[in-house]
Amino acid sequence: GIYLDYNASSPIDERVLETMVDVYRNKYGNSDSRTHEYGDEARKIVEAARTSVASVLEINKNEVFFTSGATESNNMVIQGLREYGMENGKKHIITTAIEHKAVLESVKSMSRYGFEVEIVDPDKSGRVSSEDVISRVCDDTLLVCVMHVNNETGIIQPIKEIGDFLAEKEAFFHVDATQSFGKLVDELREVKYDTLAMSAHKIYGPQGIGALILRKKHYKLPPIKNLMFGGQQERGLRPGTVPIALVAGLGKASELSVLECDDLKKHNKECKTIILKLLDESGLRYGLNGNQEYCVDSTLSLYIEGVSSEALMLATKQFCGISNGAACNSNSYKLSYVLEAMGLDADTIESTIRISWGRNTELKELEESFNALLQVAKELV
Ligand code: PLP
């Protein structure tokens, strides 16, 4: 079968795996051990990986903190600013209706502590408007959370404009860059965010590792409190033994992402062209969700009229790994809240599938498999 769910998780790169196996096999020190060379060696691995992650964003390595992934990084920012917000009378948070649950649920939980939460809707284009976000910022605003690329639609959000505005303000700007880190490399380097979240497994790295980026604002690091208590790892912000093989994998995946960014973009575009051509030739009535002008090359959110995504996924399960939204949300009887927020009607949402591809997607196999999927769809209309 063909795997077309790269936005949920991507296959690990062989070179990343080799790096990790070498560490697992030969480097078994604890990076916090200071009394022997095994610790020194482990520490070197961790610091080299920190540099690799920082290079993707062209930031300082001391701004990189290792975490278990984007869910943890997002929560560390949102929950970690709670004390500061309460002590300083900044109890207003702005986010968007299309964030991943790791942001949306975390922000919503802040209302239990008396925070006022404002959730900005996108329009049919799948984008929130930067003016809509900016106009809500006031003196009490603690935090603004806007993702870079939406995981369900692939639509790029106007974080550059929002970041430029917030750079002069006291409010912190958090970007969930899980779907863009190492992919929209130049674009992300231009953005003035204060905090950023990423996960290695979206860029051909291992699951269970990611990073939180903290940038200095007005010469200070954001006043984030640690959520867990323990040792001084990651400067006390994220205590617990650093998993050096995972960290090494993240470092390697980060390096490769930059080196191969342009080639991958080209490849992904070719894949998209094939899919769109097959759709056009199929004679099926289909549509694409979101304004495609703002869509990344590796994702399509599409619906085939009269074909439910449930039926299509079930009928193609043996040979096609597609989804109808975020994996964490694929209790698939529920309609996608992202597509609902865009104002799409229930029929469209029920017919929508998400396909996402990447480095290992072979053009010929894609053509055959997607064609087979379309044949199945024709029978389901
Ligand atoms: N944010 C976005 C936009 C995502 O696509 C994901 C992926 O599932 C996450 C956050 C959560 O990442 P993880 O499950 O690795 O913590």
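Note: hydrogens, waters and symmetry copies are ignored here, and every other heavy atom, side chains too, is used. These numbers come from a predicted model, not from an experiment. If you read the sequence from its start, that first residue is 1, and numbering goes on from there. Just so you know, ligand 1 is whichever comes first in the structure, and atom 1 is the first atom listed for that ligand.
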Problem - Neighbour count above 12 (heavy atom, 6.0 Å) for Arg25 CZ - result: no

Practice task
Identify, by atom number and element, the atoms of ligand 1 in contact range of Asp176, meaning under 4.0 Å from any of its heavy atoms.
Solution key: 1 (N), 2 (C), 3 (C), 10 (C)

Practice task
Pull out every atom of ligand 1 sitting under 4.0 Å from any heavy atom of Ser199, numbered as shown with elements.
Solution key: 12 (O), 13 (P), 15 (O), 16 (O)

Practice task
Run the contact test for Lys202 against ligand 1 with a 4.0 Å cut-off on heavy atoms, strictly below, and give the result.
Solution key: yes

Handout entry: Pair Asp194 + Lys217, salt bridge at N-O below 4.0 Å
Key = yes

Problem - Under 3.5 Å: N/O of Gln179 near N/O of ligand 1 - result: yes

Practice task
Can you establish whether the number of heavy atoms outside Lys378 located under 6.0 Å from its atom NZ is more than 12?
Solution key: yes

Exercise for the section: Please work out which of the three classes, parallel, tilted or perpendicular, describes the rings of Tyr6 and Tyr3, given edges at 30° and 60°. Expected result: tilted

Exercise for the section: Select one of side chain, backbone, both or neither to describe which atoms of Gln207 lie under 4.0 Å from any atom of ligand 1, heavy atoms only. Expected result: neither

Exercise for the section: Please state which part of His201 comes within less than 4.0 Å of ligand 1, counting heavy atoms only: side chain, backbone, both or neither. Expected result: side chain

Problem - Which of the ligand 1 atoms, numbered from 1, are nearer than 4.0 Å to a heavy atom of Met147 - result: 3 (C)

Problem - N or O pair under 3.5 Å between Thr178 and ligand 1 - result: yes

Exercise for the section: Using heavy-atom distances, let me know which of Ala70, Ser68, Ser73, Ala177 sits nearest atom 12 (O) of ligand 1. Expected result: Ala70

Practice task
Heavy-atom distances under 4.0 Å are what count here, so tell me which part of Thr71 touches ligand 1: side chain, backbone, both or neither.
Solution key: both

Practice task
Determine, for Glu260 against Arg359, whether the closest basic-nitrogen to carboxylate-oxygen distance falls under 4.0 angstrom.
Solution key: yes

Exercise for the section: Check whether more than 12 heavy atoms from other residues, nucleotides or ligands sit under 6.0 Å from atom NZ of Lys277, and answer yes or no. Expected result: no

Problem - Side-chain ion pair, Lys266 and Asp262, N-O less than 4.0 Å - result: no

Exercise for the section: Give a yes or no on this: more than 12 heavy atoms of other residues, nucleotides or ligands lie within 6.0 Å of atom CZ of Phe319. Expected result: yes

Practice task
Have a look at ligand 1 and work out which part of Glu72, if any, has a heavy atom under 4.0 Å from it: side chain, backbone, both or neither.
Solution key: neither

